[in-house]
K.L.:
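Here you go, one structure.
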There are 2 protein chains.
Amino acid sequence: MRHKLVFLALLALLSFVGVSSSAQTRSQDGAEVRAADQEWARVFAAKDLKASVDFCADEASVLVPNAPIATGKQAISQAFAAFFAIPDFKISWHPSKVEVANSGELGYSTGVYEMTFKDAAGKAMSDHGKYVTIWKKQGGKWKVVSDIFNSDLPAAP
Amino acid sequence: MRHKLVFLALLALLSFVGVSSSAQTRSQDGAEVRAADQEWARVFAAKDLKASVDFCADEASVLVPNAPIATGKQAISQAFAAFFAIPDFKISWHPSKVEVANSGELGYSTGVYEMTFKDAAGKAMSDHGKYVTIWKKQGGKWKVVSDIFNSDLPAAP
């Protein structure tokens with residue numbers, strides 16, 4: 001009987017430790033995904049191609065408007081390089097919502113972006129819209145597995 | 001000593017049961033999210049407004065190109081109704097990838113869509129592109145918390 005009680009007490013303790021460490025992980029991971037989102041925005045705005053691609057998992061897909069899906073680091077590198085080659089390209093984005101699964105390895109960030117650039121004729125252009133980025137923890141680091149965005153601006157006639 | 005061994009054996013058994021039931025849940029949830037994605041596509045293609053909106057969580061956001069973010073069932077209902085009002089609107093989509101977190105309550109589906117419709121002048125138009133839908137299990141049912149898509153077609157000049 002006494003051993004049964006000790007066993008039950010140990011089980012209860014293990015459950016408690018499990019639950020509280022899981023809750024702590026979740027909250028930390030939400031902050032981690034938000035930080036990863038904003039660090040990715042920083043290196044992308046700085047047109048650092050290597051650092052921008054390094055944020056992506058090997059199997060990642062980037063879903064750019066008016067282009068086919070870019071899957072894998074080589075295709076993603078080409079898609080990012082095309083952005084960085086746009087004259088006077090400037091971009092920023094900010095997450096309005098971040099969620100992480102209870103298990104702490106899958107999450108997403110979503111929010112709004114703003115960009116400015118010059119068109120082929122040198123005319124100043126601007127765009128703003130929204131995005132969703134899916135993040136997966138791989139080897140202790142949050143990596144992008146999917147990124148997609150679209151514009152708020154009315155479609156051209 | 002003997003009790004310690006029994007305790008360790010019980011712990012090992014509990015871990016094993018925990019791991020295998022979690023793996024089983026993940027695989028089932030992947031199939032569940034895929035089925036939810038395709039059932040949502042079915043009611044949306046049928047222009048069933050109530051059923052299409054019912055797939056969305058109360059706090060869901062739908063991120064339609066060339067429009068601001070629609071958050072909440074009322075805004076989402078208006079966004080869907082605008083699609084269903086397009087003359088001869090037909091749509092289908094199919095997930096190419098589905099992932100669910102180990103904890104089994106958060107996942108996403110991503111794939112490609114096709115749509116056809118008539119423009120204001122009655123001219124037949126078509127579009128195809130890609131999408132990402134984020135799903136969350138609420139009250140035992142998979143609900144959309146975020147949905148976003150964009151076109152593969154070149155931007156209008």
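Chain letters run A, B, ... following the sequence lines, proteins first and then strands; every chain starts at 1.
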K.L.:
Let's test your reading of the structure: which of B:V132, B:D119, B:D152 forms the most heavy-atom pairs below 4.5 Å with chain A?
P.N.:
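The answer is B:D152.
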
K.L.:
Using modelled atom types only, decide if a donor and an acceptor are shared between the side chain of B:E105 and the backbone of A:A101 within a distance under 3.5 Å.
P.N.:
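No.
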
K.L.:
Same cluster or not: are B:F149 and B:F84 linked, directly or through other Ile, Leu, Val, Met, Phe, Trp or Tyr residues, by side-chain heavy atoms under 4.5 angstrom apart?
P.N.:
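Shared cluster, yes.
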
K.L.:
Kindly indicate whether the side chain of B:T110, heavy atoms from C-beta on, has any atom under 4.5 Å from the side chain of A:L63.
P.N.:
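Yes, side chains in contact.
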
K.L.:
Examine A:W93 and A:M125 and state if one hydrophobic cluster contains both, with Ile, Leu, Val, Met, Phe, Trp and Tyr joined whenever side-chain heavy atoms are less than 4.5 Å apart.
P.N.:
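Yes, A:W93 and A:M125 fall within the same hydrophobic cluster.
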
K.L.:
So, does B:N150 use its side chain to make a donor-acceptor pair with the main chain of A:N150 at under 3.5 Å?
P.N.:
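Here the side-chain-to-backbone pair does not exist.
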
K.L.:
Got a second to check how far B:K97's NZ is from A:I134's CD1, nearest 0.5 Å?
P.N.:
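It is 8.5 Å, given to the nearest 0.5 Å.
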
K.L.:
According to a hydrophobic-cluster definition based on side-chain heavy atoms being under 4.5 Å apart (Ile, Leu, Val, Met, Phe, Trp, Tyr only), do A:Y108 and B:V62 belong together?
P.N.:
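No.
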
K.L.:
Can you tell which part of B:V112 gets under 4.5 Å to a heavy atom of chain A, answering side chain, backbone, both or neither?
P.N.:
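The answer is the side chain of B:V112.
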
K.L.:
Let me confirm one number: the CG-OG distance from B:L106 to A:S103, rounded to the nearest 0.5 Å.
P.N.:
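One gets 8.0 Å once the value is rounded to the nearest 0.5 Å.
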
K.L.:
Could you tell me whether a side-chain N or O of A:K130 sits under 3.5 Å from a main-chain N or O of B:I148, the two making a donor and an acceptor?
P.N.:
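Here the side-chain-to-backbone pair does not exist.
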
K.L.:
For A:E114, is the CD atom crowded, meaning more than 12 foreign heavy atoms sit under 6.0 Å from it?
P.N.:
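Atom CD in A:E114 is not crowded, with 12 or fewer foreign heavy atoms closer than 6.0 Å.
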
K.L.:
So what's closer than 4.5 Å to chain A heavy atoms on B:P65: side chain, backbone, both or neither?
P.N.:
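Both parts, backbone and side chain.
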
K.L.:
Please determine, among A:V145, A:V64, A:I69, the option with the most heavy-atom pairs under 4.5 Å with chain B.
P.N.:
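Max contact count across the listed options: A:V64.
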
K.L.:
Report, as yes or no, whether the 6.0 Å neighbourhood of atom CD on A:Q138 holds more than 12 heavy atoms from other residues, nucleotides or ligands.
P.N.:
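Above 12, so yes.
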
